[in-house]
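The first residue of the sequence shown is numbered 1, and numbering continues consecutively from there. Worth saying up front: this structure is predicted, and the values here are computed from it rather than measured.
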Amino acid sequence: MSTIAETAHLSQARRRRRIDGWRWGGRIFLVFMLLYTALPMIWMLITSIKSGFAAMQFPPQWWPDQPTLASYQKLLDPQNSVGQDFLRFFWNSLFVSTATTILSVIVAVPAAYAFSRFTFPGRNFLFFTVLLRNMFPAVIFLVPLFILMRAIGLVNTHGSLILTYLTFGLPLAIWLLKGFYDNIPVQLEQAARIDGATRFQAFVLIVMPLSAPGIIATAIYSFIGAWNEYIYAYTFLSKNEQLTLPVGIQRFFSENTTDFPGLMAASFMMSVPVVVLFLVLQRYFVRALTEGAVKH
């Protein structure tokens with residue numbers, strides 16, 4: 001009996017060591033990924049509080065002797081040309097991203113619900129056709145879309161970007177929401193219909209609250225995609241007052257010199273809204289991905 005007990009104890013100890021090894025390996029990997037993603041942001045922040053001379057030193061000065069917020073003050077001061085341009089670019093990006101997000105949710109919610117709940121001829125073919133666009137790089141559609149926008153008079157307007165971002169963001173948004181609606185029991189809507197609610201009322205009162213995490217995840221995805229996009233904004237917009245942030249911050253580059261502290265400050269401020277948005281709403285994003293991926 002003692003031999004059996006000792007064997008079981010040794011087996012349990014080996015199993016515990018294997019589990020502990022995997023656990024510590026996972027922790028080390030997470031620390032590595034945290035450093036991999038956080039260090040560029042930290043270096044960008046440190047460079048933004050340096051002077052122009054300190055930012056150009058080699059070997060690099062890891063922490064400035066005299067930190068300064070001059071770059072941020074210049075960007076946020078509407079009295080100088082740099083501040084005026086930066087604030088204009090910021091509000092342009094905010095307007096385009098917000099409008100794209102609202103339209104994406106308005107279109108994706110009923111479309112995904114129709115694919116999930118209704119049966120109609122060609123439903124599967126149409127659904128996979130919607131996803132077909134994501135098989136191709138976005139740059140392939142650059143010239144055709146520019147010709148289309150010029151034909152309908154939307155070049156050098158924010159409408160061209162909103163329509164383009166809406167086109168690119170809708171396939172994944174519809175796919176994400178459809179998976180989420182598939183996971184919501186249809187019996188809940190049937191019970192509401194028995195109690196006298198119309199289909200629309202059952203959708204608004206029952207399905208919409210339960211699908212809130214999926215809708216929020218769709219909104220996050222649409223906002224981040226529109227906020228960070230560069231190629232189409234660079235192609236469709238040429239007027240300075242219409243530029244968005246990804247295109248506008250290239251003004252810190254010049255032929256002879258580059259304002260690295262100003263560039264890093266602008267880049268850091270550009271990343272703040274996206275980081276804050278994701279940190280505040282990340283639990284809804286993760287919940288939507290996990291619940292929409294598994295159908296009970």
- request: Run the numbers on W227 and L245 for side chain to side chain contact (heavy atoms under 4.5 Å, CB included), then give the verdict.
  value: CA-CA 8 Å; W227 182 267; L245 266 180; 3.9 Å; yes

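- Residues satisfying the side chain to side chain donor-acceptor pair (under 3.5 Å) criterion with T235, sequence neighbours excluded, are absent altogether.
- Between D182 and S116, the shortest heavy-atom distance links the atoms OD1-OG, 2.6 Å.
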Result block: side-chain N/O donor-acceptor pairs under 3.5 angstrom for residues 100-108, not counting sequence neighbours:
{"unit_1": "T100", "atom_1": "OG1", "unit_2": "V96", "atom_2": "O", "d": "2.7"}
{"unit_1": "T101", "atom_1": "OG1", "unit_2": "S97", "atom_2": "O", "d": "2.7"}
{"unit_1": "T101", "atom_1": "OG1", "unit_2": "F223", "atom_2": "N", "d": "3.4"}
{"unit_1": "S104", "atom_1": "OG", "unit_2": "T100", "atom_2": "O", "d": "2.7"}

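- At a threshold of 4.5 Å between non-hydrogen side-chain atoms, the residues R117 and I184 count as touching.
- Residue pairs that meet the ring pair (Phe, Tyr, Trp, His ring centres under 6.0 Å) test with at least one member in residues 181-220, sequence neighbours left out, are Y113-Y181, Y113-F203.
- Note: the hydrophobic cluster containing I194 does not contain L188 (ILVMFWY, side chain heavy atoms under 4.5 Å, direct or indirect links).
- The minimum heavy-atom distance between R199 and E189, with the atom names listed, is NH1-OE1, 4.4 Å.
- Partners of Y232 under the side chain to side chain donor-acceptor pair (under 3.5 Å) rule, at least two apart in sequence or in another chain, do not exist in this structure.
- For R193, there are no side chain to side chain donor-acceptor pair (under 3.5 Å) partners two or more places apart in sequence or in a different chain.
- L237 and H158 get closest at one heavy-atom pair: CD1-CD2, 4.4 Å.
- Qualifying side chain to side chain donor-acceptor pair (under 3.5 Å) partners for T157, counting only residues two or more places apart in sequence or in other chains: none.
- Side-chain contact check for L148 versus P144: every heavy-atom pair is 4.5 Å or farther apart.
- The two residues N156 and S238 come nearest to each other via the heavy atoms OD1-N, 2.6 Å.
- Side-chain N or O atoms of D77 include none that pairs as donor or acceptor with a backbone N or O of G83 at under 3.5 Å.
- Rounded to the nearest 0.5 angstrom, M149 CE and L145 CG are separated by 5.5 Å.
- Hydrophobic clustering (ILVMFWY, side-chain heavy atoms < 4.5 Å, transitive): V207 and V186 are in distinct clusters.
- Considering only heavy atoms from C-beta on, K74 stays 4.5 Å or farther from F86 through its side chain.
- In terms of hydrophobic clustering, with Ile, Leu, Val, Met, Phe, Trp and Tyr side chains grouped at heavy-atom distances under 4.5 Å, F125 and F115 are assigned to different clusters.
- Clustering of Ile, Leu, Val, Met, Phe, Trp and Tyr side chains at separations under 4.5 Å places I147 together with V143.
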Atom pairs and distances, donor-acceptor, side-chain atoms in residues 161-169, under 3.5 Å, two or more places apart:
{"unit_1": "T164", "atom_1": "OG1", "unit_2": "S160", "atom_2": "O", "d": "2.7"}
{"unit_1": "Y165", "atom_1": "OH", "unit_2": "E229", "atom_2": "OE1", "d": "2.6"}
{"unit_1": "T167", "atom_1": "OG1", "unit_2": "L163", "atom_2": "O", "d": "2.8"}

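- Crowding of Y234 atom OH: a count of heavy atoms from other residues, nucleotides or ligands under 6.0 Å not exceeding 12.
- Using a 4.5 Å heavy-atom cutoff, the side chains of W91 and L94 are in contact.
- For the pair T68 and I49, the minimum side-chain heavy-atom distance is 4.5 Å or more.
- Looking at residues two or more places apart in sequence or on another chain, you find a side-chain contact (heavy atoms from CB on, under 4.5 Å) between P246 and S93, Y230, T244, M270.
- Of the inter-residue distances, the one linking I206 atom CD1 with S211 atom OG reads 11.0 Å to the nearest 0.5 angstrom.
- Applying the side-chain contact (heavy atoms from CB on, under 4.5 Å) criterion to A197, with sequence neighbours excluded, gives A192, Q201.
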query: R88 and D85: salt bridge (Lys or Arg N to Asp or Glu O under 4.0 Å), yes or no, with the steps?
result: CA-CA 5 Å; R88 185 185 302 114; D85 285 343; 2.9 Å; yes

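- Between Y221 and L176 there is no side-chain heavy-atom pair separated by less than 4.5 Å.
- For F89, the ring pair (Phe, Tyr, Trp, His ring centres under 6.0 Å) criterion is met by no residue, not counting sequence neighbours.
- Note that the CD atom of Q242 and the CZ atom of F236 stand 14.0 Å from one another [nearest 0.5 Å].
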Kindly list each side-chain donor-acceptor pair under 3.5 angstrom involving residues 28-44, sequence neighbours excluded, with atom names and distances?
{"unit_1": "T37", "atom_1": "OG1", "unit_2": "M33", "atom_2": "O", "d": "3.0"}
{"unit_1": "T37", "atom_1": "OG1", "unit_2": "L34", "atom_2": "O", "d": "3.1"}

